[in-house]
Amino acid sequence: MLKKNNPIKLIKYYNFINYNLIYNNTAINRYKQEIFEVSKDKAKNLESLKNSIKNLKSCDLKKNARNIVFSDGNPKSKIMFIGEAPGANEDQEGLPFVGRAGQLLDKMLSAINLDRKKVYISNIINYRPPDNRRPTDEEIKRYLPFITKHIEIIRPKILVLLGSTAMNALIGSEIVISKMRGKWIEKKFGNFKTSVIVTFHPAFLMRQPAQKKLSWIDLKMIRDKKNNLKI
Ligand code: URA
């Protein structure tokens, strides 16, 4: 799988699987929100989407949540990642993937020379489900138009779905992740068509570290696609 004589790739891989070969103690400053210059239209559309979610009346998740968790990263990016729903840390900070799963996501990104400034990140659900339970089918159905619109506004060339909730919501409820991960499919969202790949959710990888081997294959596919598309 890995070429034996490529030390850089090996270090990235070992770093990703948490093998203590090298340490990087640099703290990630997530409090300093980057300001990205986006076109007026895009900024306006994102703001109006966020407001429509905030104005949604019929959602009990809002009763317990502190903050809306809308997105992080660069709205101009051509690579978009979508997870499931915010957890406690995300709810606290109002940003997706800032807890332990987020730390692993950062490592996954860095293993393929990406980081939060180069990608755009959101979730299927924008408010934390109590006790970190999985969102119900009804909740997913309620938020689906918003994440679909979100994709249409960002217009990524590569869309990465993290885990089965994102996959089942956006590709089809009958699909199983073990069969679907690591494959490129073309998918339309409204009038906009993009390349989609499913990979394991970082929280799943923390529970099943042996699956990081497969996740690494998916990450390399994302890296290669990004290079082919000259993103
Ligand atoms: N898990 C998710 O799916 N999304 C987050 O933002 C955090 C954890």
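In what follows, every heavy atom counts, from backbone to side chain, and hydrogens, waters and symmetry copies are set aside. Starting from 1, each residue takes its place in the sequence as its number.
Heavy atoms of other residues, nucleotides or ligands lying less than 6.0 angstrom from NZ of K193 number 12 at most. For CG of D137, the number of neighbouring non-hydrogen atoms (other residues, nucleotides, ligands) closer than 6.0 Å is 12 at most.
Within the 3.5 Å criterion, the main-chain N or O of N113 finds a donor-acceptor partner in the side chain of K118. Under a 3.5 Å cut-off, the side chain of K62 and the backbone N or O of L56 do form a donor-acceptor pair. Checking side-chain atoms of N123 against main-chain N and O of E84 turns up a donor-acceptor pair under 3.5 Å. S52 contributes a side-chain N or O that, together with a main-chain N or O of S48, makes up a donor-acceptor pair within less than 3.5 Å. With hydrogens and angles ignored, the 3.5 Å screen pairs a side-chain donor or acceptor of E90 with a backbone N or O of G87.
The cluster map of Ile, Leu, Val, Met, Phe, Trp and Tyr, joined by side-chain heavy atoms under 4.5 Å apart, puts I171 and M80 in the same cluster. In this structure, I222 is a member of the same hydrophobic cluster as L205, with clusters built from ILVMFWY side-chain heavy atoms closer than 4.5 Å.
Between I79 and K157, the closest side-chain pair of non-hydrogen atoms is not below 4.5 Å. By the 4.5 Å heavy-atom criterion applied to side chains, H201 and I177 are not counted as neighbours. Using a 4.5 Å cut-off on side-chain heavy atoms (C-beta onward), I175 and V198 make no contact. Side-chain contact between S215 and L219 is present, with at least one heavy-atom pair separated by less than 4.5 Å.
Under the 3.5 Å distance criterion, with hydrogens and angles disregarded, a donor-acceptor pair is assigned to the side chains of Y120 and H150. Under the 3.5 Å distance criterion, with hydrogens and angles disregarded, a donor-acceptor pair is assigned to the side chains of S195 and E186. Side-chain contact, N132 with R128: a donor N or O sits under 3.5 Å from an acceptor N or O.
A cation-pi arrangement is present between K187 and F189, with the terminal nitrogen or guanidinium carbon under 6.0 Å from the aromatic centre and inside a 45° cone about the axis.
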Step-by-step side-chain contact (heavy atoms from CB on, under 4.5 Å) determination, T194 to I158: CA-CA 6 Å; T194 187; I158 294 176; 5.8 Å; no
Steps toward side-chain contact (heavy atoms from CB on, under 4.5 Å) verdict (I153, D41): CA-CA 9 Å; I153 297 172; D41 274 0; over 6 Å; no
Salt bridge (charged side-chain N to carboxylate O under 4.0 Å, His left out) evaluation trace for E47 with K42: CA-CA 9 Å; E47 200 49 38; K42 198 177 232 189; over 6 Å; no
Test side-chain contact (heavy atoms from CB on, under 4.5 Å) applied to L46 and F70, step by step: CA-CA 9 Å; L46 286 172; F70 186 67; 4.2 Å; yes
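With rounding to the nearest 0.5 angstrom, the CZ atom of R181 is 12.0 Å from the CE atom of M167.
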